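Just so you know, these numbers use all the heavy atoms, side chains as well, and skip hydrogens, waters and symmetry mates. All values derive from a computational prediction rather than experimental measurement. Both ligands and their constituent atoms are indexed starting at 1 by order of listing.
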Amino acid sequence: MSDTKDSLIAAARDAAQGAYAPYSNYHVGAALLFEDGAVVTGANVENASYGLSLCAETVAVSRAMVEGRRGGLVAVAVTGPRTQAQDAAPITPCGRCRQVLSELAQLGGTDPVIYCVGEREVREVPLSALLPDAFGPANLG
Ligand code: THU
């Protein structure tokens, strides 16, 4: 495993410790890597009104954008809780998060690799494969 990938996954796992997930008890971490080497993380934040819960990826993108980032997204790591189930599938970003990640990626013209982390497997998928023909800023142009 490359150092970059390894440390991005470690950052996502670390971020998951900040999750507020008392309802699902499913703690998710996300770490975004930018062209300048910066890493911005997020964790899921749930709500007693369940449908208002925020995913880790959305929290990370929001944090990055509030910090002023408008592109330069090169890689994303997403981790779910550790599990005994060795055959558990790697976690992939939900549909809404794919769109949220795509906005930030499209602003900078990148197609970030998404590291979907499982117990035995890290699936590496370009965002464009998770969300083909994405709607984005250019559509409103
Ligand atoms: N969750 C994420 O944070 N990211 C995803 O891509 C999938 C789901 C969160 C939402 C909710 O707090 C918990 O995982 C269970 O669905």
K.L.:
Once you restrict to heavy atoms under 4.0 Å, what part of Val78 touches ligand 1? Side chain, backbone, both or neither.
P.N.:
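It is neither; nothing of Val78 touches ligand 1.
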K.L.:
Who's the nearest protein heavy-atom neighbour of atom 3 (O) of ligand 1, and how far?
P.N.:
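Here the nearest protein heavy atom works out to Ala56 N, 2.9 Å.
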K.L.:
Kindly give the heavy-atom pair with the smallest separation between Thr58 and Ser62, and that separation in Å.
P.N.:
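Heavy-atom minimum between the residues: O-OG, 2.7 Å.
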K.L.:
Output yes when the distance from some N or O of ligand 1 to some N or O of Cys97 is under 3.5 Å, and no in every other case.
P.N.:
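No, no N or O pair falls under 3.5 Å.
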K.L.:
Are the side chain of Gln99 and the backbone N or O of Phe135 linked by a donor-acceptor pair below 3.5 Å?
P.N.:
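Indeed, once roles are kept as given, a pair shorter than 3.5 Å links the two residues.
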K.L.:
Return the closest protein heavy atom for atom 9 (C) of ligand 1 as residue, atom name and distance.
P.N.:
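The closest heavy atom on the protein side is Asn44 ND2, 3.6 Å.
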K.L.:
Return yes if some donor-acceptor pair links the side-chain N/O of Glu119 with the main-chain N/O of Thr83 below 3.5 Å, else return no.
P.N.:
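Indeed, once roles are kept as given, a pair shorter than 3.5 Å links the two residues.
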K.L.:
Considering non-hydrogen atoms of the protein only, which is the closest contact for atom 16 (O) of ligand 1, and what is the distance?
P.N.:
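The protein heavy atom lying closest is Tyr26 CD2, 4.7 Å.
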K.L.:
Within a radius of less than 6.0 Å around CZ of Arg70, do more than 12 heavy atoms belonging to other residues, nucleotides or ligands occur?
P.N.:
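More than 12 within 6.0 Å, yes.
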K.L.:
Do Leu73 and Leu8 land in one hydrophobic cluster if side-chain heavy atoms of ILVMFWY residues count as linked below 4.5 Å?
P.N.:
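No; Leu8 is not reachable from Leu73 via cluster members.
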K.L.:
Tell me whether Tyr50 shares a hydrophobic cluster with Val28, the cluster being built from Ile, Leu, Val, Met, Phe, Trp, Tyr side chains joined at under 4.5 Å.
P.N.:
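No.
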K.L.:
Numbering the atoms of ligand 1 from 1, which are under 4.0 Å from a heavy atom of Ser24?
P.N.:
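So the answer, numbered in order with elements, is 13 (C), 15 (C).
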K.L.:
Quick one: does any side-chain atom of Arg98 pair with a main-chain N or O of Leu131 as donor and acceptor, under 3.5 Å?
P.N.:
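Checked: no pair found.
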K.L.:
Going through the checks in order, is the side chain to side chain contact (heavy atoms under 4.5 Å, CB included) test met by Leu101 and Leu32?
P.N.:
CA-CA 10 Å; Leu101 288 163; Leu32 314 181; 4.0 Å; yes
K.L.:
Under 4.0 Å, heavy-atom basis, I'd like to know which part of Cys55 is in contact with ligand 1: side chain, backbone, both or neither.
P.N.:
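Both backbone and side chain of Cys55 come within 4.0 Å of ligand 1.
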K.L.:
Using a strict cut-off of 4.0 Å, indicate which atoms of ligand 1 neighbour a heavy atom of Thr92.
P.N.:
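What qualifies from ligand 1 is 6 (O).
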K.L.:
Val45, Met65: one ILVMFWY side-chain cluster at the under-4.5 Å cut-off?
P.N.:
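In one cluster with Val45: Met65, no.
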K.L.:
Quick one: nearest non-hydrogen protein atom to atom 6 (O) of ligand 1, plus distance?
P.N.:
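Here the closest protein heavy atom is Glu57 OE2, 2.7 Å.
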K.L.:
Can you confirm whether some protein heavy atom lies under 4.0 Å from atom 1 (N) of ligand 1, or whether none does?
P.N.:
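True for atom 1 (N) of ligand 1.
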K.L.:
Using a 4.0 Å cut-off to any heavy atom of Glu46, which atoms of ligand 1 qualify?
P.N.:
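Result: 11 (C), 12 (O), 13 (C).
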K.L.:
If I apply the N/O under 3.5 Å rule, does Val28 come out as touching ligand 1?
P.N.:
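The answer is no, given that Val28 and ligand 1 share no N or O pair closer than 3.5 Å.
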K.L.:
Provide the number and element of each atom of ligand 1 under 4.0 Å from a heavy atom of Pro93.
P.N.:
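Near Pro93, the atoms of ligand 1 are 6 (O).
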